[in-house]
Every structure is written in C-alpha cells, then in structure tokens.
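The next block holds one structure in the form of structure tokens; read it before the comments.
The chain is numbered in sequence order, starting from 1.
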Amino acid sequence: MADEELAALRQQRLAELQAKHGDTSDPSQQEAKQREAEIRNTILAQVLDQAARARLSNLALVKPDKAKAVENYLIQMARFGQLPGKVSEQGLIEILEKVSQQTEKKTTVKFNRRKVLDSDEEDDY
C-alpha cells in the first residue's frame with residue numbers, strides 16, 4: 001500500500017512540475033511547437049541575409065527575450081510586405097536600436113540617507 005501511494009505521489013508531483021514549466025508530454029503539442037519553429041526559421045531565412053542571421057542568433061544566446069521580440073517584429077513586417085528585400089546586418093542593427101528604445105527601462109538610484117545620532121556631532125571641546 002505504501003509503495004502504491006508513493007508512486008501516486010511521485011506521479012502527481014511530476015505532473016505538477018510539468019504543468020508549471022510548460023513541459024507537456026503530448027506529442028501533438030510538441031509537433032505543433034516544432035512546426036511553428038520551422039515556419040519561423042523559414043521566414044527568417046527568407047528575410048535576413050547570412051550576417052544578420054548570425055547577429056540575431058548571437059543575440060538570442062545573450063538576450064533571448066529581445067531576440068524573440070526582434071524576430072516577431074521581422075515576421076510581422078514580412079507578412080505585411082513592409083520589407084523590400086533581405087535585411088542586411090546594418091538594417092538589423094537599426095531594428096535592434098528601435099526595439100531597444102521601445103523596451104528601454106529607466107534605471108533610477110535613490111539614496112535613502114538616514115540621520116543617525118552621532119556622538120561626534122555634539123562634542124563641545
């Protein structure tokens with residue numbers, strides 16, 4: 001009985017972890033994700049030249065969220081016919097600058113100086 005309960009708890013915990021991380025064992029969902037990735041790669045191969053693809057893949061290693069945003073932007077522009085030809089590396093750099101400006105976070109530093117009673121301030125020599 002204890003072994004069956006332990007196995008059931010393990011199975012339940014495994015299902016919770018898979019649901020939490022989005023890792024599903026459903027082959028149809030995995031196939032759909034794979035097809036979507038292939039379509040994205042095909043569109044990007046048609047839109048970007050070799051140097052731009054290399055730059056985008058390097059960006060994906062460092063900042064995957066920014067690379068995904070740029071990919072989505074390029075795919076959207078390609079679908080609406082706003083790209084006249086293949087995007088060069090310099091064109092990709094300009095697009096990266098646009099995306100960076102849109103997603104730029106302002107960092108502010110605020111010093112909270114607390115006045116501490118210091119015995120040195122009140123000394124009357």
Side-chain angles (χ1 to χ4, degrees):
M1 187 73 154
D3 290 336
E4 292 173 2
E5 289 177 5
L6 185 60
L9 285 173
R10 283 183 181 160
Q11 191 70 20
Q12 180 183 4
R13 181 69 178 147
L14 179 63
E16 287 174 5
L17 288 174
Q18 286 177 344
K20 181 179 178 183
H21 294 293
D23 183 27
T24 58
S25 299
D26 191 13
S28 63
Q29 286 182 348
Q30 288 178 353
E31 252 181 57
K33 286 181 183 180
Q34 188 176 9
R35 271 187 268 128
E36 182 183 336
E38 288 176 10
I39 291 170
R40 290 177 69 87
N41 287 336
T42 307
I43 292 172
L44 290 173
Q46 293 172 354
V47 171
L48 297 172
D49 69 353
Q50 196 65 28
R53 278 187 65 85
R55 182 174 286 271
L56 187 60
S57 64
N58 288 340
L59 178 69
L61 292 173
V62 178
K63 295 185 178 183
D65 53 337
K66 187 176 280 192
K68 197 73 155 174
V70 171
E71 287 175 0
N72 290 337
Y73 181 73
L74 286 168
I75 290 171
Q76 182 181 9
M77 286 180 67
R79 285 187 178 159
F80 291 124
Q82 296 175 346
L83 295 175
K86 284 196 170 198
V87 177
S88 65
E89 186 174 8
Q90 190 61 35
L92 182 66
I93 290 171
E94 292 172 7
I95 292 172
L96 283 169
E97 288 173 353
K98 284 182 189 177
V99 170
S100 292
Q101 287 175 356
Q102 291 173 355
T103 61
E104 186 176 299
K105 295 179 182 176
K106 298 283 184 182
T107 304
T108 58
V109 178
K110 182 178 179 182
F111 291 100
N112 188 7
R113 295 194 174 125
R114 296 183 181 142
K115 299 220 176 203
V116 178
L117 293 176
D118 192 7
S119 61
D120 293 342
E121 292 175 0
E122 298 176 8
D123 288 340
D124 295 327
Y125 291 106

List the residues meeting side-chain contact (heavy atoms from CB on, under 4.5 Å) with Gln12, not counting sequence neighbours, and say none if there are none.
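Once residues adjacent in sequence are excluded, the partners of Gln12 under the side-chain contact (heavy atoms from CB on, under 4.5 Å) criterion are Leu9, Glu16.
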Please name all residues satisfying side-chain contact (heavy atoms from CB on, under 4.5 Å) with Ala51, sequence neighbours left out, ordered by chain then number.
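Residues passing side-chain contact (heavy atoms from CB on, under 4.5 Å) with Ala51: Asp49, Glu89.
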For Glu94, what residues pass the salt bridge (charged side-chain N to carboxylate O under 4.0 Å, His left out) criterion, not counting sequence neighbours?
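Checked Glu94 against salt bridge (charged side-chain N to carboxylate O under 4.0 Å, His left out); zero matches.
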Which value, rounded to the nearest 0.5 Å, describes the distance between Gln90 atom CD and Arg55 atom CZ?
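Reported value, rounded in 0.5 Å steps: 8.5 Å.
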Please determine whether the number of non-hydrogen atoms from other residues, nucleotides or ligands lying under 6.0 Å from atom NZ of Lys98 exceeds 12.
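Open.
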Got a sec: does the CD of Gln11 have more than 12 other heavy atoms crowding it under 6.0 Å?
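Count not over threshold, so no.
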For Leu74, what are the other residues in its hydrophobic cluster, where any two members join if their side-chain heavy atoms are less than 4.5 angstrom apart?
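Under the 4.5 Å side-chain rule, Leu74 groups with Ile39, Ile43, Leu44, Val47, Leu48, Leu56, Leu59, Val70, Tyr73, Ile75, Met77, Leu83, Val87, Leu92, Ile95, Leu96, Val99.
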Pairing residues for Arg53 by the side-chain hydrogen bond (donor to acceptor under 3.5 Å, both in side chains) criterion, not counting sequence neighbours:
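Arg53: no side-chain hydrogen bond (donor to acceptor under 3.5 Å, both in side chains) contacts found.
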Kindly state each residue pair satisfying salt bridge (charged side-chain N to carboxylate O under 4.0 Å, His left out) with at least one member in residues 56-81, sequence neighbours excluded.
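Found Arg40-Glu71.
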